[in-house]
Structure formats: C-alpha cells, structure tokens
Amino acid sequence: MKHSENKKNWPLWEVFVRSKRGLGHKHVGSLRASDAQMAVENARDVYTRRQEGISIWVVESKNIIASDPGQIDSLFDPASDKPYRHPTFYDVPNEVKNI
Amino acid sequence: MKNMEKDKEDIFNLIIEKDDKIEPKDWMPEKYRHTMIRQISQHAHSEVVGMLPEGNWITRAPSLRRKAALLAKIQDEAGHGLYLYSAAETLGADREELIEELHTGKAKYSSIFNYPTLSWADIGAIGWLVDGAAIMNQVMLCRTSYGPYSRAMVRICKEESFHQRQGFDILLTLCRGTIEQKEMAQDALNRWWYPSLMMFGPKDKDSVHSAYSVQMKIKRLSNDELRQRFVDTTVPQAEYLGIKIPDKNLKFNEKTGHYDFSEPDWNEFYSVINGNGPCNRDRIKVRNQAYENGKWVRDAATAYAEKQILKKIKNETL
Ligand SMILES: [Fe+2]
Ligand SMILES: [Fe+2]
Ligand SMILES: [Fe+2]
C-alpha cells in the first residue's frame, strides 16, 4: 500500500516555548498533530525533555502570516535613515550628568 | 523575466557568500532545494532507523540505570528525526512522501544502521563511535547555510553529547570488568570501527555531491577532513579504554600531526548502501510494520479531531 495514496497529513503546528518566567515565548520548531491538545502534548515531549521550558504555545502553521522576504528593503529600510531615533545621535556635553 | 531570475540568484549567492542563512521563504535555486531536501531527509531517516539496532537491547540492558539511559537516548533520536522532517517540510517536501520513500527502500539512510547489535558492548560502541562520528558531522552542520537545518542541528548537538558519553561509560565499565567483559568491548570495537569510518561517506575524490555541498556551504568540511578528525580524537580514547583499534597501519604521523590509518572496504560500503548489508531488509521490514501497526492510532486521532470540530460547530450554531 502506498502511504500517500490515502494520505491525510495531520496539520502542521509551530511551537513556541517560554524558557522561564520573565522571558517571552520563542519559536523552537514545528510538529504534526491531529489537534491542538495533541500538539501541546507532543511539543512537551519533543521540545521540553530537559527543562527547556515552563510554558508552550502552539499555533497552526497555516494561521501564521509572514512578511515577504522580497520586500525586506521596502519594509525595513526606512529605519536605517532615521538615526535620530537612537540616543547615540545626540551629543550631550560632558558636564551634563544623568541623561 | 530572465533578468529577474538572475537578480534573485545574485541575492541568493550574496547571502551564501556573506555566511548568512537562507530561510524557507527566500528564493533558492532548484538544485539547492533538492540537495537540501535529500540531505535533510536522509539524515531524518538515519535518526529513525538508528533507533532500531539500539532498541534491540532495551529489554536486555544489564541494569535499570542503563535501561533508563538507553531509553532516553533512543527517545532523543526520535526527536532528532522529527526536527529534521520538519526542517525538510520547510522546503516544501511532504512528510508522508518522505516516509514512504524510506519504507519502499527508495530513500537512503546512514549505512551504519544496517549492522547488527550482537552484544551489550555494541550499545557502548554505538554511543561512543557512531554517535561520536555523528556529532563530528553535526557540529559542522550547525553552520550549514540553510537556517532551519542549522537550528535543528544546534538542538541536536546539545542533546547528542550525553549519547556519546553513555556509550563510552558502558565500554569503560566493561573494560574495567572481567577478562570476558573486556573481550566483549574489543570485539565490539573490531566490528564497529570500519563501519564508523564509512559514516563520513566516500573519499572526497569519489564523492558525487561533495563539491556542490561545500560550495553552497551546506557542508563546511569534506568527508576526508571529518574522517581524519574522528580518527584523531578517537585513538587516544581507545588507548584509555585499553582496547585496540583493528588497524595495523594506524600510526601517528609526526610530519602531518595526524594519524595515518587504513581505509574501510569501500566495496562493502557501496554494497550496504545499495541494500545488501546484514540488516537492510530487516530494518525496512520493522519500519513498515511499525507504520502499519500504528495506523489505527493515527486514524483514531484523526477521527477524534474531526469529531471535536463538528461538535464545536454545532455548539456555535445552537
Ligand atoms: Fe541523533
Ligand atoms: Fe544524528
Ligand atoms: Fe545520538
């Protein structure tokens, strides 16, 4: 029997793990699972076997909207010609403290 | 149109040149995509099939501690398989199709897993030599040019080092034991040494994909370079164990600063790769059985998920 003939891939889920309190969830990888609950359980088994986390998010991959890598310039370039957004743009006289 | 293709290829080459990573949505040449899918899926298959020779000894591990460690190691290998199939999927590969290629014997996996595990010492030798060789390869692959593959490798390398240590620990215990136990360790080394050397692939001059892989920074070191590294690090470890590497030509070369060593039997390598090793047929058979036997579980989980969705829709429309 060919697997892919009667194939029904389980949905793909992206897994995010918070390693400890005070930190954000970080993308760690993906997995396939039949539903959200199984995705959380499998993520626990696969991505947190060595105390890598205390909280897991799973999101079905198809629900993630990504920016287009071809638009890197138009999306992210404008920031580079605005150096005045950075504190180092401003010269503060040596005599002035705590600023 | 032609020009746009050319622009994209220039951007791609620039990323590779700058040692940046290629990410899933980036444009990439078809050859790069195919090479990547082939390499990552073969790697994934190797992790999965690699569980079989060791699984053979779980129930016969000599103590509860050894059994727990071996189970944990094998569970890691299952995880490695998963990370890698996921990485292959980011390139547009279909997981079911990849698994089907493995189960029909179309896909290749590391030749080493087609050798049998005849004694408990083999479990030690696998951890020490086979995981040791895999680590050498995988440390290099942490710097591979494809982002998801490189990230999977970083995770895998973090998990691997205990694999090698638990193997070495098994052999160290045997080597400090009775004469018979030390003989078991020696016998395991005799059988696993050359197959471990084969793990790095054919000699550079005979390797079909090597040049492209190095050019695209998929691989950072050649097969022969990795093999030499492996020999150089492993010889002193064998000396510490007090067992002998089965190679009359093994000798430290003062001039090169490396060990000279004998090549494995490359005819044997090609024969095993082409399906004629001692355990090829059995490995594929066991994988197929596992897949068939797990079918009802997969079907049940799918049916359950569908039912939950229907229930939710019903509740919402009430
Ligand atoms: Fe592994
Ligand atoms: Fe591996
Ligand atoms: Fe391993």
Donor-acceptor list for residues 13-25 of chain A side chains, cut-off 3.5 Å, not counting sequence neighbours:
from: A:W13; atom 1: NE1; to: A:P11; atom 2: O; distance (Å): 3.3
from: A:W13; atom 1: NE1; to: A:A33; atom 2: O; distance (Å): 3.0
from: A:E14; atom 1: OE1; to: A:H27; atom 2: NE2; distance (Å): 2.7
from: A:E14; atom 1: OE2; to: A:S61; atom 2: OG; distance (Å): 2.9
from: A:R18; atom 1: NH1; to: A:L23; atom 2: O; distance (Å): 2.4
from: A:H25; atom 1: NE2; to: A:S55; atom 2: OG; distance (Å): 2.6
from: A:H25; atom 1: NE2; to: A:W57; atom 2: NE1; distance (Å): 3.3

Sidechain-backbone polar pair: A:S34 side chain, B:A305 backbone, donor-acceptor under 3.5 Å: no
More than 12 heavy atoms of other groups within 6.0 Å of B:L310 CG: yes
Atom CD of A:Q51: over 12 foreign heavy atoms under 6.0 Å: no
Side chain to side chain donor-acceptor pair (under 3.5 Å) pairs, two or more places apart, involving residues 84-99 of chain A: none
Atom CG of B:L64 with >12 non-hydrogen neighbours under 6.0 angstrom: no
From CD (B:E306) to CG (A:D35), nearest 0.5 Å: 11.0 Å
Side chain proximity check, A:R32 to B:L82, heavy atoms < 4.5 angstrom: no
Nearest-0.5 Å distance, CG of residue B:D26 to CD1 of residue A:I72: 6.5 Å
Among the listed options B:E159, B:K158, B:R151, the residue most often paired with chain A at heavy-atom distances under 4.5 Å: B:E159
Heavy-atom closest contact (A:V46 atom, B:R155 atom, distance): O-NH2, 4.4 Å
Chi angles and distances behind the side chain to side chain contact (heavy atoms under 4.5 Å, CB included) call for A:W10, B:R298: CA-CA 9 Å; A:W10 283 343; B:R298 292 192 302 276; 3.9 Å; yes
Segment of B:Q75 engaging chain A (4.5 angstrom heavy-atom cut-off): both
Presence of salt bridge, B:D76 and A:R50, under 4.0 angstrom: yes
Heavy-atom pair with the smallest gap, counting every atom of A:A66 and B:K25: CB-NZ, 3.8 Å
Region of B:Y85 that comes under 4.5 Å of a non-hydrogen atom in chain A: neither
